[in-house]
2 protein chains.
Amino acid sequence: MQKTTAAPAKFTHVQCGSCPIRHRAVCARCDTDELERLEETKYYRSFEAGQTIVWSGDRMDFVGSVVSGIATLTQTMEDGRRQMVGLLLPSDFVGRPGRETAAYDVVATTDLVMCCFRKKPFETIMLDTPHVGQRLLEMTLDELDAAREWMLLLGRKTAREKIASLIAIIARRDASLKLQSSEGRVVVDLPLTREAMSEYLGLTLETVSRQISALKRDGVIQIEGKRHIIIPDFDLLIEEAGDDSDGGFLV
Amino acid sequence: MQKTTAAPAKFTHVQCGSCPIRHRAVCARCDTDELERLEETKYYRSFEAGQTIVWSGDRMDFVGSVVSGIATLTQTMEDGRRQMVGLLLPSDFVGRPGRETAAYDVVATTDLVMCCFRKKPFETIMLDTPHVGQRLLEMTLDELDAAREWMLLLGRKTAREKIASLIAIIARRDASLKLQSSEGRVVVDLPLTREAMSEYLGLTLETVSRQISALKRDGVIQIEGKRHIIIPDFDLLIEEAGDDSDGGFLV
DNA sequence: CGATAGCCTTGACGCAGATCAATCCGATGC
DNA sequence: GCATCGGATTGATCTGCGTCAAGGCTATCG
């Protein structure tokens with residue numbers, strides 16, 4: 001057993017880059033064997049596009065993070081109205097330590113790979129290894145900020161603004177993963193169906209479709225096929241989104 | 001200097017019952033002097049109804065929790081549209097450790113007392129004293145759940161359902177503080193103006209007013225004055241709220 | 001090749017909630 | 001007493017988005 005000492009090293013103990021554990025790379029305080037214990041319980045799971053990972057209310061005995069693909073968290077009312085409340089892109093975390101059952105439907109909207117830990121051992125590690133909890137707190141605070149931005153969108157934005165916002169959000173997340181902006185012009189592949197977009201935005205899918213057509217007609221975006229979108233002027237899109245958050249492409 | 005040992009004791013080191021520190025009561029691992037260091041930086045602040053505590057974007061060098069009164073977090077778009085994104089009742093926490101400036105307008109909607117800590121020392125304590133971070137993680141996860149419930153409300157509920165939901169939410173929070181339910185019949189004092197309610201719900205204040213009148217007309221609620229509400233049958237209110245979450249009065 | 005299925009688009013129409021405007025009610029001050 | 005002011009109510013009208021319905025595009029399969 002050895003202590004890792006001193007300066008932040010470019011060193012990732014856990015190969016999967018998306019886990020909260022990743023943060024160890026800049027933590028000089030944790031024992032290797034604590035992470036090793038966690039490693040033991042780690043496993044990967046794959047899901048097909050459209051597959052439901054857990055239903056709201058069902059037992060959920062793992063936590064984990066998305067390695068590749070897209071998943072969504074969705075709430076459903078008795079009469080079937082659905083609202084997406086979480087969009088999980090690669091590196092996002094799912095699962096609440098300390099909760100037995102899922103609070104939302106978790107659905108893979110594309111083919112998906114997740115990196116999972118069984119919940120019990122994960123909770124133990126969290127208690128023993130402060131920086132894991134600290135990392136998780138950071139991530140949760142980020143989620144909360146995103147949720148609040150999302151609330152503004154749901155409560156006050158028009159359909160057109162909602163669509164523009166969603167495209168911008170995905171473009172930004174996309175770019176922060178695989179840097180590809182070339183001054184103003186940005187390209188995105190929407191990873192969501194029109195229906196999924198409508199569940200994200202609190203609209204119907206017809207309205208989503210109409211507004212996308214409108215943005216296209218007005219030259220704010222160009223479309224190839226159904227999902228491939230070219231944004232000639234990102235600042236213009238941001239303007240359409242009615243966003244007061246700083247308009248830069250990379251925040 | 002002494003270690004607190006062994007079993008969870010009914011013991012609150014910090015008199016203010018609302019701090020994240022409160023959790024120490026059931027933590028056997030922290031040094032008293034760590035908390036004492038924190039105590040040193042603790043101070044109380046009072047605000048008058050209507051006073052803005054910080055503006056979005058301004059420097060915010062403290063964190064803290066509400067002791068008494070109500071505060072709100074609100075986002076504003078350039079053209080003035082406003083959406084509330086946080087409702088802070090007694091015991092709720094404000095402020096993100098690690099962030100320099102406020103991300104939202106924080107406004108006292110009633111006379112308010114807050115228990116504050118300067119941010120820097122608080123962050124230090126958080127690093128040194130794991131259970132404080134753990135408690136904060138729990139609280140943040142609760143906030144996130146609340147935000148997601150709120151998103152369902154904003155995205156999919158009708159005006160009538162939104163009003164019923166808000167009344168139920170406040171009644172529940174109220175009751176969990178000062179137990180006062182008497183089987184079915186519940187009494188609440190709304191701590192918000194119609195305008196604040198409209199900012200919470202993503203509606204106009206006229207619609208709020210109309211829907212409250214409608215619920216009154218239909219016997220779902222009774223009203224004395226402007227703000228004092230009697231709910232003859234809480235289950236009926238829950239039904240009006242379209243809530244799938246378990247309908248019990250105390251969750 | 002045509003048939004089926006999933007996803008998307010477009011049109012016609014109706015309604016929930018926004019907007020604009022007038023009035024009311026209770027508290028506070030002179 | 002009356003005037004003022006902030007909050008709340010109520011009415012009349014307008015409109016953005018939902019609803020219902022028809023049809024198009026592309027991929028997959030027989």
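Because the structure is predicted, anything quoted here is derived from the model rather than measured. Throughout, protein chains are lettered first and strands after them, A, B, ... in sequence-line order, and every chain is numbered starting at 1.
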Please check: side-chain N/O of B:Glu143 versus main-chain N/O of A:Leu144, any donor-acceptor pairing under 3.5 Å?
no

The reported gap from OG in A:Ser56 to CG in A:Leu73 (rounded to nearest 0.5 angstrom) is 10.5 Å

Where the side chain of A:Asp111 meets the backbone of A:Glu48, is there a donor-acceptor pair that is under 3.5 Å apart?
no

Overall bend of the helix from C:dC1-D:dG30 to C:dC30-D:dG1 (five pairs an end, 10° steps) is 20°

Whole-Å distance, A:Arg156 CZ to D:dG16 C1', equals 15 Å

With the threshold set at 4.0 Å, does a side-chain nitrogen-carboxylate oxygen contact exist between B:Asp142 and A:Arg96?
yes

Keeping the roles fixed (side chain from B:Lys216, backbone from B:Ile221), state whether a donor-acceptor pair exists under 3.5 Å.
no

In 5'-to-3' order, the base (B), backbone-only (S) or no-contact (-) status of each nucleotide in nucleotides 5-11 of chain C, using a 4.0 angstrom heavy-atom cut-off, is ---SBBB

NA contact type, B:Gly202, heavy-atom cut-off 4.0 Å: base, sugar-phosphate, or nothing?
sugar-phosphate

Separation of A:Arg81 atom CZ from D:dG18 atom P, in whole Å?
13 Å

Give the rounded distance in Å between these two atoms: CD1 of A:Ile163 and C1' of D:dG16.
14 Å

Tell me: CD of A:Gln211 to C1' of D:dG16, nearest whole Å?
9 Å

If you take all heavy atoms of A:Gly69 and A:Leu112, which pair is closest and at what distance?
C-CD1, 3.6 Å

Taking atom C1' of D:dG16 as reference, at what distance in whole Å does atom CG of A:Leu201 sit?
15 Å

Can you tell me how the ring of A:Phe122 sits relative to the ring of A:Phe117, calling it parallel under 30°, perpendicular over 60° and tilted otherwise?
tilted

Specify the separation, in whole Å, of atom CG of B:Leu203 and atom P of D:dT9.
14 Å

What are the two closest non-hydrogen atoms of B:Leu192 and B:Leu87, and how far apart are they?
CD2-CD1, 4.2 Å

